[in-house]
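The structure under discussion appears below in the form of structure tokens.
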Amino acid sequence: MTEFFVIAVDGPAASGKGTIATGLGRAFDLPVLDTGLLYRAVGVLTHRAGEDLDDEAAARAAALTLTADQLEDPALRTRAAGELASRVAIHGRVREALLEFQNTFAQQEGGAVLDGRDIGTVICPDAPAKLYVTATPEVRAHRRWKQLGGQGEEVAYEDVLADIRRRDARDGGRDAAPMKPAPDAVLLDTSEMTIEQAADAARRIVEAARARWESSR
Ligand code: DC
């Protein structure tokens with residue numbers, strides 16, 4: 001059994017998992033790691049170094065130079081960075097190079113919230129609380145399109161929807177730690193929910209998991 005109360009939040013792009021993870025961090029007073037930023041940073045660093053994203057050794061070398069302060073770079077939040085991230089994330093040796101950072105974060109005193117694609121399946125398989133957050137591709141594309149517009153990145157909705165579908169296929173279809181719900185994850189479909197409703201539903205699921213975890217210690 002884990003000594004730390006770890007909350008694993010997985011799901012596809014723009015499912016609302018980032019906002020939900022932030023809300024859970026506040027509600028349970030735990031630090032939050034958006035693990036997508038790690039892959040975004042590796043993608044951007046590999047690209048900036050002029051290397052081929054399909055070159056596993058080059059992407060791994062970039063992953064090994066990564067430091068926490070690089071995760072603050074606003075360039076990581078762009079649409080292009082999401083695509084670069086999804087491409088380097090297929091490499092098993094890149095994923096392996098990012099393990100220690102994620103494990104150290106997860107094993108903090110008290111616990112932590114991690115959001116990503118493989119937290120409940122690979123990074124923290126013993127997490128006492130696991131959520132898999134989904135929504136239809138159309139709803140997710142609409143959310144991401146609005147978010148990008150808010151950041152000043154004007155792009156057609158159809159292009160965002162195509163990005164989402166391509167990333168779902170790549171993230172879910174790869175051999176190394178593919179995106180999928182852990183067998184013991186609670187599925188939360190946010191398609192018909194406002195973000196407040198989704199955050200509330202997530203908090204209730206985690207409260208129940210926390211009560212079970214406490215009573216079994
Ligand atoms: O959550 P995000 O959109 O920022 O993630 C960007 C990409 O990074 C995503 O398409 C796949 C990859 N990723 C991953 O493979 N494993 C994770 N735990 C988090 C992200």
Side-chain angles (χ1 to χ4, degrees), residues 6-22 24-25 32-47 53-54 56 59-60 62-63 66 70-106 112-125 127 130-135 137 139-148 151 153 155 160-182 185 190:
V6 174
I7 308 176
V9 184
D10 289 303
S15 55
K17 65 184 187 314
T19 311
I20 285 175
T22 306
L24 290 172
V32 181
L33 178 65
D34 169 0
T35 64
L37 285 178
L38 300 174
Y39 293 91
R40 286 171 179 260
V42 173
V44 168
L45 288 173
T46 308
H47 179 69
L53 295 162
D54 298 330
E56 181 160 11
R60 174 181 160 83
L66 195 63
Q70 285 169 312
L71 304 180
E72 308 294 325
D73 186 349
L76 303 187
R77 312 257 171 203
T78 61
R79 178 179 169 218
E83 176 68 15
L84 296 173
S86 172
R87 289 184 58 193
V88 294
I90 67 166
H91 301 308
R93 299 187 66 224
V94 166
R95 307 194 70 83
E96 189 189 279
L98 298 175
L99 271 178
E100 192 184 327
F101 189 99
Q102 296 174 87
N103 285 334
T104 305
F105 193 91
V113 184
L114 286 86
D115 80 77
R117 302 289 187 291
D118 63 340
I119 307 303
T121 50
V122 175
I123 304 295
C124 304
K130 294 184 187 177
L131 281 167
Y132 191 84
V133 184
T134 58
V139 166
R140 291 188 282 126
H142 190 255
R143 288 180 187 157
R144 181 52 53 88
W145 172 75
K146 267 179 48 188
Q147 180 199 356
L148 290 170
Q151 290 172 198
E153 204 174 339
V155 48
V160 180
L161 180 59
D163 279 1
I164 294 257
R165 291 192 194 282
R166 189 171 54 244
R167 275 177 59 192
D168 282 358
R170 194 188 290 125
D171 297 344
R174 67 184 178 219
D175 291 333
M179 168 178 78
K180 64 174 176 204
T190 67

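For this chain, numbers begin at 1 and follow the sequence in order. Values reported hereafter were calculated over all heavy atoms of this structure, with side chains retained and with hydrogens, waters and symmetry mates removed. When a ligand or atom number is given, it counts from 1 through the structure's own listing order.
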SB check Asp168 Arg165 (cutoff 4.0 Å)
no
Protein heavy-atom partner closest to atom 10 (O) of ligand 1 - residue, atom, separation in Å:
Asp171 OD2, 2.7 Å
Between Arg77 and Leu37, is there a side-chain heavy-atom distance shorter than 4.5 Å?
yes
Looking at atom 19 (C) of ligand 1, what's its closest protein heavy atom, distance included?
Thr35 OG1, 3.4 Å
Atoms in ligand 1 flagged as close to Arg174, the criterion being non-hydrogen separation under 4.0 Å
14 (C), 15 (O), 16 (N)
So, do Gln70 and Leu45 sit near enough that their side-chain heavy atoms are less than 4.5 Å apart?
yes
Ion pair present between Asp54 and Arg87, side-chain N to carboxylate O less than 4.0 angstrom?
yes
Just let me know how Glu83 lines up against ligand 1, side chain, backbone, both or neither, with a heavy-atom cut-off below 4.0 Å.
neither
Just one of Val44, Asp34, Leu38 clears the side-chain contact (heavy atoms from CB on, under 4.5 Å) bar with Leu76, so which one?
Val44
Distance to 0.1 Å, residue and atom name: give those for the protein heavy atom nearest to atom 12 (C) of ligand 1.
Ala89 CB, 3.7 Å
Closest to atom 3 (O) of ligand 1 among protein heavy atoms sits Arg167 NH2, 2.5 Å
Note the single closest protein heavy atom to atom 4 (O) of ligand 1, along with its residue, its atom name and the distance in Å.
Arg40 NE, 2.6 Å
What is the closest protein heavy atom to atom 16 (N) of ligand 1, and at what distance does it sit?
Arg95 NH2, 3.0 Å
Is any side-chain heavy atom of Arg170 closer than 4.5 Å to one of Glu83?
yes
Which residue and non-hydrogen atom of the protein lie closest to atom 8 (O) of ligand 1, and at what distance in Å?
Tyr39 CB, 3.5 Å
Does ligand 1 have any atom sitting under 4.0 Å from a heavy atom of Lys17?
yes
Distance under 4.0 Å to a non-hydrogen atom of Ser86: what atoms of ligand 1 satisfy this?
7 (C), 10 (O)
Sub-3.5 Å N/O-N/O distance, Gln102 and ligand 1:
no
Sub-4.5 Å side-chain heavy-atom contact between Asp118 and Arg95:
yes
For atom 17 (C) of ligand 1, tell me which residue out of Arg117, Arg166, Arg170 has the closest non-hydrogen atom.
Arg117
Taking side chain as C-beta onward, heavy atoms only, is Thr190 less than 4.5 Å from Arg143?
yes
Locate the shortest heavy-atom distance separating Asp115 from Thr35; write the atom from each residue and the value.
O-OG1, 2.6 Å
Where is the nearest protein heavy atom to atom 7 (C) of ligand 1: which residue, which atom, and how far?
Ala85 CB, 3.6 Å
